[in-house]
Participant: 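First the structure, then my questions, so here it is.
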Number of protein chains: 2
Amino acid sequence: MTKRTDLLTGLPVAADGAAPPRERADAARNRARVLAAAEELFATGDPAEVTMEDIAKAAGIGRGTLYRRYPDRASIARALLDEHERALQHEILRGAPPLGPDEPDPAARLAAFYAAMVDLLERHVHLLLGAETGSARYRTGAYAFWHTHVRILAAGTADPTTLADVLLAPLAPELYRRQRDQGIDPGRITATLAGLAYAMLPAAVGEGVVGE
Amino acid sequence: MTKRTDLLTGLPVAADGAAPPRERADAARNRARVLAAAEELFATGDPAEVTMEDIAKAAGIGRGTLYRRYPDRASIARALLDEHERALQHEILRGAPPLGPDEPDPAARLAAFYAAMVDLLERHVHLLLGAETGSARYRTGAYAFWHTHVRILAAGTADPTTLADVLLAPLAPELYRRQRDQGIDPGRITATLAGLAYAMLPAAVGEGVVGE
DNA sequence: CAGCAAGTGGACGGTGCGTCCATTTAATCC
DNA sequence: GGATTAAATGGACGCACCGTCCACTTGCTG
């Protein structure tokens, strides 16, 4: 029988409505060490090359202890990423325009989303690369959120679901890393994506729906 | 000293202008077996899970023999993919409109390129997934070719280099596989990409250049 | 058919993974 | 503050795959 833990935080999860058993002091200390060590390792080298052994060693704990909370590297990266993504999701759901729901122009809102995502990428690509190797990106809850958001912004178009995938594709962490390595600065990327937003979601005329 | 072999075909490469030493009969037979076995394995299961051992076993040869020609799984997938990509590249460089160089409208040419790429993906995603895990995609010669092509089509825009990356992003094999798994058919993808092409590369007015 | 370079394949050492369990340690109760 | 108990720990273990190495085999050539 395996102990159930939250994939995001690594904290034990209550199977029922029962109060979660308090985390022991040494466990909490080690969890903090793991996250600090992992952040450092992801940022320093190639995130894809970081091993569970590396993290355990850097955190000064044994492999068994590490596996107790995090089943793999990706779950550690997600735990580190979680608060940042949640903050952005909150801005989108409840924040002010142009990111929040009161923004009337879908294109402007998409452009703002792009800008926020570029900012997130700029600050945390290393974590995204640690969390989302290739197709794993599409299986995360975060991708589902972004996809739903963009799909709704594209509601007036011919095929919002497919278009949402297309509009999210340029935000792939691997691409962002490569563009930055090639000397393309975040401003250029944001500007190009803004152009994409306004080209694909032209402002609705009156209350009409944009077809084709 | 390691024997030099062509990464694409696995054939020995002449170091100089010297005539390449003819391939021995057993070597040729085994190379054919390897390619046939690999094609089968990539198509059947998860391309990312195929190991060199699997391929060697399926081809009925030893691991050492396999490594003699192909340094890794990706090089085998690329060898299988090569002829198909070359055919498309030839169409682009020398073929008829709307794919070829005589097509006057960049948007139409980009849309045709998208259609051809979707066709390529539909027939060979499994090979692309075997060859290009994550960021490896950007290091292939093929990506460089597609990028140059699209960059030239986008020549009139504000930042053709960055835009080319953005326009190529939706063609990521991982995304294509996922969309297909979700029941999205190739036609929808092609249609959405055509919309993207015409939105981002509006037909030039007269011989003027499209700004902003 | 003899000589030899090309080709072969399995053994080997190395690395990372994920599990298991004997031991240690923090929290609780008297 | 000592006994009790369950959580927590960490290193050993077995497994899978990698990539190399080299003694042996085989096809080609003269």
Side-chain angles (χ1 to χ4, degrees), chain A residues 1-7 9-15 18-34 37-38 41 45-77 130 133 136, chain B residues 1-7 9-15 18-34 37-38 41 45-77 130 133 136:
Chain A
M1 161 82 54
T2 312
K3 178 63 55 88
R4 304 279 300 282
T5 60
D6 186 315
L7 280 187
T9 61
L11 290 169
V13 98
R22 266 206 343 123
E23 189 183 28
R24 245 169 62 170
D26 51 350
R29 175 171 42 82
N30 282 340
R31 192 160 44 76
R33 281 186 188 172
V34 165
L41 287 175
D46 179 354
E49 298 296 304
V50 176
T51 73
M52 290 294 268
E53 169 107 48
D54 292 338
I55 298 173
K57 192 160 292 183
I61 65 173
R63 299 166 43 68
T65 306
L66 182 54
Y67 274 101
R68 182 177 181 80
R69 286 197 195 70
Y70 301 103
D72 50 32
R73 196 187 57 207
S75 66
I76 302 177
T133 300
Chain B
M1 164 78 56
T2 312
K3 179 64 55 89
R4 303 280 300 283
T5 60
D6 186 314
L7 281 186
T9 60
L11 291 169
V13 99
R22 270 215 334 131
E23 190 183 26
R24 245 170 62 171
D26 50 350
R29 174 172 41 82
N30 282 339
R31 192 159 44 76
R33 281 186 188 172
V34 165
L41 287 175
D46 179 353
E49 298 296 305
V50 176
T51 73
M52 290 293 269
E53 169 107 46
D54 293 338
I55 298 173
K57 191 159 293 181
I61 66 172
R63 300 166 43 66
T65 305
L66 182 54
Y67 274 101
R68 182 177 181 80
R69 287 196 193 69
Y70 301 103
D72 51 34
R73 196 187 55 207
S75 66
I76 303 177
T133 300

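The model shown is predicted, which means the values in this text are computed figures rather than measured ones.
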Participant: Could you give the CZ-to-P distance, from B:R68 to C:dG9, as a whole number of Å?
Facilitator: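 In whole Å, C:dG9 P and B:R68 CZ are 11 Å from each other.
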Participant: Kindly determine whether B:E49 and B:D54 satisfy side-chain contact (heavy atoms from CB on, under 4.5 Å), including the steps that lead there.
Facilitator: CA-CA 9 Å; B:E49 298 296 305; B:D54 293 338; over 6 Å; no
Participant: So, does the side chain of A:R24 form a donor-acceptor pair with the base of D:dA7 at under 3.5 Å?
Facilitator: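 Yes, the side chain and the base share a sub-3.5 Å donor-acceptor pair.
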Participant: Whole-Å distance between C:dG10 P and B:M52 CE?
Facilitator: 16 Å
Participant: Tell me the interatomic distance from B:E23, atom CD, to C:dA6, atom P, rounded to whole angstroms.
Facilitator: 13 Å
Participant: Which of the following nucleotides, C:dA27, D:dG10, C:dG18, is nearest to the side chain of A:Y67?
Facilitator: C:dG18
Participant: B:R63 side chain N/O closer than 4.0 Å to the phosphate oxygens (OP1, OP2) of C:dG9?
Facilitator: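 No, outside the criterion.
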Participant: Select from A:T65 and B:G64 the residue whose nearest nucleotide in DNA chain D is closer to the 5' end of that strand.
Facilitator: A:T65
Participant: Is there side-chain contact between B:D26 and B:R29, with heavy atoms separated by less than 4.5 Å?
Facilitator: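 B:D26 vs B:R29: side chains touch.
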Participant: Which is more 5' along DNA chain D, the nucleotide nearest B:V50 or the one nearest B:D26? Just name the residue.
Facilitator: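 Its nearest nucleotide being more 5', the pick is B:V50.
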Participant: Compare all side-chain heavy atoms of A:N30 with those of A:R33 and state whether any distance is below 4.5 angstrom.
Facilitator: yes
Participant: Rounded to whole Å, how long is the line connecting atom CD1 of A:I61 with atom P of C:dG18?
Facilitator: 15 Å
Participant: Report yes if a side-chain nitrogen or oxygen of B:N30 is closer than 4.0 Å to either non-bridging phosphate oxygen (OP1 or OP2) of C:dG7; otherwise report no.
Facilitator: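 No, outside the criterion.
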Participant: Phosphate oxygens OP1/OP2 of D:dT9: is one of them under 4.0 Å from a side-chain N or O of A:R69?
Facilitator: yes
Participant: Measure from CD1 on A:I55 to P on C:dG18 and round the result to the nearest Å.
Facilitator: 12 Å
Participant: Side chains of A:T133 and A:R73: does their closest heavy-atom pair fall under 4.5 Å?
Facilitator: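 Side chain of A:T133 against side chain of A:R73, heavy atoms only: contact under 4.5 Å found.
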Participant: Between A:E53 (CD) and C:dT19 (C1'), how many Å, whole number?
Facilitator: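 That distance rounds to 15 Å.
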